[in-house]
There are 2 protein chains.
Amino acid sequence: MAKKRRPTMKDVAAHAGVSLSTVSYVVNDSGPVASDRRSRVLDAIRILNYTPNESARSLKRRSASTIGLILPELANQYFALVAEGIERAASDADVLVVLCVPQATGKSDDFYAQLLRSQRLDGVVYLSATGTLPSLILELSRSGAVVLVDEQMPGFELPAVVSDNRRGAREIAQHVIEAGHRQIALIGGPAPLWSADQRLAGYREALAAAGQDPDEVPFFGGDYRQRAGYEQAAKALEVAPADRPTALICANDLMAFGALEYCRASGIAVPSELSIVGFDDIPTASLVTPRLTTVRQPAHDLGFAAARLLFSLIDDEGEATPPMPFPTALMVRDSVAPPR
Amino acid sequence: MAKKRRPTMKDVAAHAGVSLSTVSYVVNDSGPVASDRRSRVLDAIRILNYTPNESARSLKRRSASTIGLILPELANQYFALVAEGIERAASDADVLVVLCVPQATGKSDDFYAQLLRSQRLDGVVYLSATGTLPSLILELSRSGAVVLVDEQMPGFELPAVVSDNRRGAREIAQHVIEAGHRQIALIGGPAPLWSADQRLAGYREALAAAGQDPDEVPFFGGDYRQRAGYEQAAKALEVAPADRPTALICANDLMAFGALEYCRASGIAVPSELSIVGFDDIPTASLVTPRLTTVRQPAHDLGFAAARLLFSLIDDEGEATPPMPFPTALMVRDSVAPPR
DNA sequence: GACTTTTACAGAACCGTTTCGACCAGCTTC
DNA sequence: GAAGCTGGTCGAAACGGTTCTGTAAAAGTC
């Protein structure tokens, strides 16, 4: 059986009895065409069920109308929400979004740089992961347009969309302090990450403002994953009762969940024995018991803005001003209570 | 400033002093090339930092090495996990995955059919959503390769990867019955969906086997969303105390969460007053209180298998045998207790 | 009515690859 | 020593579009 070939512009032109260029003008509405011929072409397109070949178009136009979205994992709802925001902005601009989960697939950043250079992708939105190497991001940004989300590289002015991590962190720490806590432990995010750094700075500011020496507050390093929350909570709590913190500030919700899990496993009542707070306000945060007090990040909006920024970067050849940091919001729920 | 153009094969050929075709042979390892010339070409590629233009390649090869992933939402972890499975299979095959969330972006199925026809996408994996119209899926499958996940169209033999919904449903219903429940209410998924249908069938089988008339068991229709779980739970429970069910079987975890939420809001103790079970075993299921008894679906594996099936469909021109239904597993946790 | 200007179209070049066919040298094979 | 391979190379024709250039007819000037 003869393989059926998709119709091309040539077929349409022949069917309508016009030239190739005329068909192109009609399809793209990019040239003057007399209305009778236009409708002849339109008819031919409909009859043949013609759809322009996008590879050929991209080749000619030097643009793939496609961007990449690099993120550490999808199972973390925060990333999923950012992704949805990006998807929406992209679809408004008739741009496709390709999903890149380097950790799950074992692809290196260099692989994505190649994608950029090969013009398969016009740009990428980069959601920083644990252990992102600055050199890789730079490599990436040398190969094409890149926008960072909730990440920033001190020293290199890379375009980024961020929320006010520091302020959000300060506010929730204040909230914990105002509830009366004086023995607080911190579970931080992965050290090299800007967001982790900012949140830590915010916590310390609040602590210092309350007259505590931030350097004496127990700090445990995590990686934004649930398991780390569990493990670091264990470390934080397995101390002499007198030294035991009455509140645990976690740098994101997932780690707070891990801490919650640990508490459940070891019979620690939350919030009566221990208060716990998170960061991000992922949808699940209001589902766990007790409902988690946390800081809302406008994940969807961040994604949307990041995509918009990327588009203007692509269109204007590298010129574009990032938006102001997005405000965060303290979400007071049930996981904080005064210490006993 | 002159726009800097990316180097092309021509540049490489000139630099290495060979013909275009030789460069192509080296790049693709698709023809005999003497080793000295080969290394000259390789050097030129490195020096010029050349990367082949993928649009041109796709044009010539008539394949974009890209597939689409159509799903209702990313925030539902079940979908996110399937997506990760697909991503992994795709990256193994050096294929890109583009994210399509029709509900969030307002694109119609026809839009995706266009993508298929324009050869921007070689195929798509379709995760069925509430209210998927059969006609749209058919439209899609006429335009190119399509694989369904956990969905099936009776009458049309579309390739699909599914798990054994019916058996999983039967088992969890059995579990509930064995705990001693006789007054059970069902909250089902969206009627037109195969998975919803299968689960319902499984529940009814178990009920019938236990000597109950399935037609007399209260049934409430939902749409797999949390809100529906809340609302339908309300309906199910706001009845005369004597008629009140002692167990609620929900067709997925999200709706079970909604039911849980309702119970919390209205002071019904779970599981002592009411047992609740779900379906899917999304990661959050073991995080809520009480930890949800549910049926595990191998989401990641489903995604992986779906992508593999799609690839063989694409390569073998439509011929490929779907895998057997994937087994499910009953996850007994804390949300079921004997009735009082 | 001779002139520019505009409008609608066709023709052809080009985008950056892949790949087929031609060619040639250097071998075997009878 | 003519015929047949085979490994290495190149030129040129696609692939399916976009867009620049040219041109004939229609329309607008005076």
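These numbers come from the heavy atoms of this one structure, side chains and all, not from hydrogens, waters or symmetry mates. Here is the naming used below: chain letters follow the sequence lines, and residue numbers restart at 1 for every chain. Here the structure is a predicted model, which means the values were calculated and not measured.
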| field | Spacing between B:Tyr25 atom OH and C:dT17 atom C1', to the nearest angstrom | value | 12 Å
| Could you give the start and end, 5' to 3', of the contact zone on DNA chain D for chain B, using atoms under 4.0 Å from its heavy atoms? | D:dG8 to D:dG16
| request: Check B:Val147, B:Asp92, B:Asp122, B:Val95 against B:Phe311 for a side chain to side chain contact (heavy atoms under 4.5 Å, CB included) and give me the one that passes. | output: B:Val95
| said: Just N and O in the side chain of B:Arg62: are any of them under 4.0 Å from OP1 or OP2 of C:dT18? | reply: no
| task | Identify, between B:Val33 and B:Leu59, the residue whose nearest nucleotide on DNA chain D lies closer to the 5' end. | result | B:Val33
| Below 4.0 Å: OP1/OP2 of C:dT19 and any side-chain N or O of B:Ser30 | no
| request: Any pair with a residue in residues 78-88 of chain B that passes side chain to side chain donor-acceptor pair (under 3.5 Å), sequence neighbours left out, goes on the list, sorted by first then second residue, please. | output: B:Tyr78-B:Asp150
| Is the distance from OP1 or OP2 of C:dT17 to the nearest side-chain N or O of B:Ser24 less than 4.0 Å? | no
| task | Check the pair B:Asp110, B:Glu139 against side chain to side chain contact (heavy atoms under 4.5 Å, CB included), reporting the backbone distance first and the verdict last. | result | CA-CA 7 Å; B:Asp110 183 61; B:Glu139 159 84 29; 3.3 Å; yes
| said: Regarding A:Ser21, tell me which of base, sugar-phosphate or nothing describes its non-hydrogen contacts under 4.0 Å with the strands shown. | reply: base
| request: Under 4.0 Å between any heavy atoms, over every strand shown, what does A:Val18 touch: base, sugar-phosphate, or nothing? Just pick one. | output: sugar-phosphate
| A:Leu74 versus B:Ala80, closest heavy-atom pair with distance | O-CB, 3.7 Å
| query | Would you call B:Leu138 and B:Leu158 a side-chain contact if the rule is heavy atoms closer than 4.5 Å? | reply | yes
| Taking for each residue the nucleotide of DNA chain D bearing the nearest heavy atom, is the 5' side occupied by B:Arg38 or by B:Lys60? | B:Arg38
| query | How many Å lie between CZ on B:Arg5 and C1' on C:dC14, as a whole number? | reply | 13 Å
| Nearest-Å distance, CG (B:Leu20) to P (C:dG16)? | 11 Å
| Distance below 4.0 Å between B:Asn53 side-chain N/O and C:dC15 OP1 or OP2 | no
| If you look at every strand shown and take non-hydrogen atoms under 4.0 Å, does A:Val27 touch a base, only sugar-phosphate, or nothing? | nothing
| request: Can you establish whether the number of heavy atoms outside A:Arg308 located under 6.0 Å from its atom CZ is more than 12? | output: no
| remark: Exactly one of A:Val97, A:Leu96, A:Leu115 clears side chain to side chain contact (heavy atoms under 4.5 Å, CB included) with A:Thr66, and that residue is A:Leu96
| task | Return no unless some side-chain N or O of B:Arg57 is found under 4.0 Å from OP1 or OP2 of C:dT18. | result | yes
| task | Identify whether any heavy atom of A:Pro52 sits under 4.0 Å from a base atom; if not, whether one sits that close to sugar-phosphate; answer base, sugar-phosphate or nothing. | result | sugar-phosphate
| request: Rounded to the nearest angstrom, tell me the gap between atom CE in A:Met9 and atom P in C:dA10. | output: 12 Å
